[in-house]
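Below is one structure, written out as structure tokens; comments come after it.
Remember, it's a predicted structure, so these values are computed and weren't measured experimentally. Counting begins at 1 with the first residue of the sequence.
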Amino acid sequence: MYDQRDLQHRIAGRRIRVVGDVHGDLDAFRHAAATDRFIIQLGDLVDYGPDSAGTLRLMADIIQKERGLFLLGNHDRKLGRALMGRKLRRDPPLEATLEQIHEPRNADIREALLPLLKDAPTWLRIGRRIFVHAAFHTGMLEETAPSGLDNVSPLLSRALFGEVTGKTQPDGYPERRLNWVDHIPMGHTVYCGHDRRSTDGRPWVKHGRAGGAAVFVDTGAGKGGHLAWIDLPDEVRDIPDYPPPSSFF
């Protein structure tokens with residue numbers, strides 16, 4: 001896993017592109033990756049879209065060339081635990097991804113996959129910016145991000161699955177809420193995926209009561225929507241500026 005010093009070394013003097021949930025949409029991910037910026041992909045590379053194996057291969061190449069990294073998402077975790085032989089609820093998107101990975105033409109990524117998933121950080125802090133797949137918790141400001149394939153702690157649950165109410169929605173998925181946004185400290189910005197909250201096809205910004213803000217970058221890639229990314233300002237400042245609408249794609 002990357003530690004904070006390693007991350008700072010990797011991005012020193014470089015600009016950042018934040019990429020939302022990909023979900024197997026390889027063509028869109030190729031467009032997002034066509035940049036000289038350092039890529040921080042917010043997780044859920046796999047499932048639903050047509051080429052999860054291809055998205056994993058492209059991400060592995062980006063990491064190998066030190067052009068970026070990805071945060072572990074809940075779908076990435078589920079895939080990793082399935083490959084480890086752990087007991088879990090298998091669903092059609094996961095089965096389709098496993099079928100792709102076990103095709104002979106994808107032997108290269110199959111061999112590299114578990115180390116790739118084990119090394120993926122579960123959240124990152126850069127100055128007053130926090131990057132996480134699902135949701136923020138104030139503990140992320142102090143604690144080191146754990147491996148995402150191990151047993152789920154309260155902080156890891158928040159990072160991977162969001163803030164859940166304990167209730168189940170009619171579609172069978174857990175009900176989630178956004179109370180966590182109110183706990184983002186003044187001047188801090190959280191970039192996350194997981195929840196598709198956009199109303200106009202662009203990343204959605206929600207401001208919290210404590211003075212922080214969350215930017216939701218999942219716009220439905222692989223699920224009938226499209227892939228979004230945000231190019232952050234050239235310099236990481238103590239108090240971040242929110243990216244202008246022109247930098248949303």
Side-chain angles (χ1 to χ4, degrees), residues 1-2 7 16-25 29 32 39-49 52 55-56 59 62-63 68-82 88 93-94 97 116-126 129-141 143-164 173-174 176-181 183-184 188-198 203-206 212-223 225 227-230 232:
M1 289 186 61
Y2 305 100
L7 176 62
I16 293 174
R17 171 167 290 182
V18 184
V19 180
D21 301 35
V22 174
H23 281 303
D25 190 341
F29 193 29
I39 296 165
I40 298 178
Q41 197 278 325
L42 296 173
D44 278 4
L45 286 166
V46 302
D47 293 349
Y48 297 106
S52 290
T55 63
L56 290 164
M59 191 72 247
I62 289 168
I63 292 171
L69 53 82
F70 75 103
L71 306 176
L72 197 75
N74 57 301
H75 284 264
D76 310 314
R77 169 186 160 87
K78 197 169 188 178
L79 172 61
R81 289 178 67 83
L88 48 78
L94 173 62
T97 295
L116 188 74
L117 296 173
K118 287 179 178 178
D119 285 346
T122 44
W123 65 78
L124 294 172
R125 301 184 306 274
I126 304 176
R129 292 184 172 95
I130 300 98
F131 305 87
V132 65
H133 174 63
F136 168 78
H137 187 283
T138 53
M140 295 174 186
L141 299 174
E143 295 194 25
T144 300
S147 169
L149 298 187
D150 293 338
N151 293 332
V152 176
S153 66
L155 277 184
L156 186 57
S157 176
R158 180 68 61 88
L160 294 173
F161 306 110
E163 184 180 15
V164 297
Y173 287 95
R176 296 194 288 263
R177 59 187 178 189
L178 300 180
N179 293 0
W180 58 268
V181 177
H183 298 279
I184 302 171
H188 287 66
T189 306
V190 174
Y191 295 89
C192 60
H194 193 56
D195 277 313
R196 187 176 174 182
R197 300 279 178 173
S198 174
W204 181 62
V205 179
K206 179 175 175 60
V215 183
F216 294 82
V217 193
D218 182 5
T219 48
K223 298 180 177 181
L227 181 63
W229 61 87
I230 302 172
L232 300 188

### Task
Would you please test Leu79 and Leu56 for side-chain contact (heavy atoms from CB on, under 4.5 Å) and show each step?
CA-CA 12 Å; Leu79 172 61; Leu56 290 164; 4.2 Å; yes
### Task
Report the C-alpha separation of Phe70 and Ile63 in whole Å, then their side-chain angles, then the decisive distance to 0.1 Å, and conclude whether the side-chain contact (heavy atoms from CB on, under 4.5 Å) test is met.
CA-CA 8 Å; Phe70 75 103; Ile63 292 171; 3.9 Å; yes
### Task
Decide yes or no on side-chain contact (heavy atoms from CB on, under 4.5 Å) for Tyr191 and Leu232, but give the supporting numbers first.
CA-CA 11 Å; Tyr191 295 89; Leu232 300 188; 3.4 Å; yes
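- Closest approach of Asp150 and Arg77 over heavy atoms only: O-NH1, 2.7 Å.
- Distance check, rounded to the nearest 0.5 Å: CG of Leu227 to CZ of Phe29 gives 8.0 Å.
- When the side chain to side chain contact (heavy atoms under 4.5 Å, CB included) test is applied to Ser153, the partners found at least two apart in sequence or on another chain are Leu155, Leu156.
- Rounded to the nearest 0.5 angstrom, Arg129 CZ and Ile16 CD1 are separated by 7.0 Å.
- Listed by chain and residue number, His75, Thr97 satisfy the side-chain hydrogen bond (donor to acceptor under 3.5 Å, both in side chains) test with Asp47 (two or more places apart in sequence, or in another chain).
- Among residues two or more places apart in sequence or in another chain, the side chain to side chain contact (heavy atoms under 4.5 Å, CB included) test is passed with Asp218 by Asp21, Arg196.
- Between Val18 and Phe131, the closest side-chain pair of non-hydrogen atoms falls below 4.5 Å.
- Taking 4.5 Å as the limit, every side-chain heavy atom of Met59 sits out of range of all side-chain heavy atoms of Val22.
- Using a 4.5 Å cut-off on side-chain heavy atoms (C-beta onward), Lys206 and Leu178 make contact.
- Residues satisfying the side chain to side chain contact (heavy atoms under 4.5 Å, CB included) test with Ala134, not counting sequence neighbours, are His194.
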### Task
Take Ile40 and Arg17 through the test side-chain contact (heavy atoms from CB on, under 4.5 Å) and record every step on the way to the result.
CA-CA 6 Å; Ile40 298 178; Arg17 171 167 290 182; over 6 Å; no
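- Among Leu45, Asp76, Val46, the one residue that satisfies the side-chain contact (heavy atoms from CB on, under 4.5 Å) test with Leu117 is Asp76.
- A 4.5 Å side-chain heavy-atom check between Leu42 and Val19 finds every atom pair outside the cut-off.
- With sequence neighbours excluded, the residues satisfying ring pair (Phe, Tyr, Trp, His ring centres under 6.0 Å) with Phe216 are Trp180, Trp204.
- Between Thr122 and Pro146, the shortest heavy-atom distance links the atoms OG1-O, 2.9 Å.
- Counting heavy atoms from C-beta on, the side chains of Thr189 and Val205 never come closer than 4.5 Å.
- The shortest distance between side-chain heavy atoms of Met140 and Arg158 falls below 4.5 Å.
- Among all heavy-atom pairs drawn from Pro203 and Val215, the shortest one is CB-CG1, 4.1 Å.
- Shortest non-hydrogen contact noted between Phe161 and Arg176 is O-CD, 3.3 Å.
- The two residues Ala82 and Leu94 have their closest heavy-atom pair at CB-CD2, 4.3 Å.
- Residues satisfying the side chain to side chain contact (heavy atoms under 4.5 Å, CB included) test with Asn179, not counting sequence neighbours, are Glu163, Arg177.
- Looking at heavy atoms from C-beta onward, Asp44 lies in side-chain contact with Asn74 at the 4.5 angstrom threshold.
- Residue Ala214 comes nearest to Val181 through the heavy atom pair CB-CG2, 4.0 Å, listed as atom of the first residue, atom of the second, then distance.
- The distance from the CD1 atom of Ile39 to the CH2 atom of Trp229 is 10.0 Å, given to the nearest 0.5 Å.
- Inter-residue side-chain proximity for Leu72 and Leu149 is flagged as met; some heavy-atom pair is nearer than 4.5 Å.
- With hydrogens and angles disregarded, no donor-acceptor distance shorter than 3.5 Å links the side chain of Gln41 to the backbone of Leu69.
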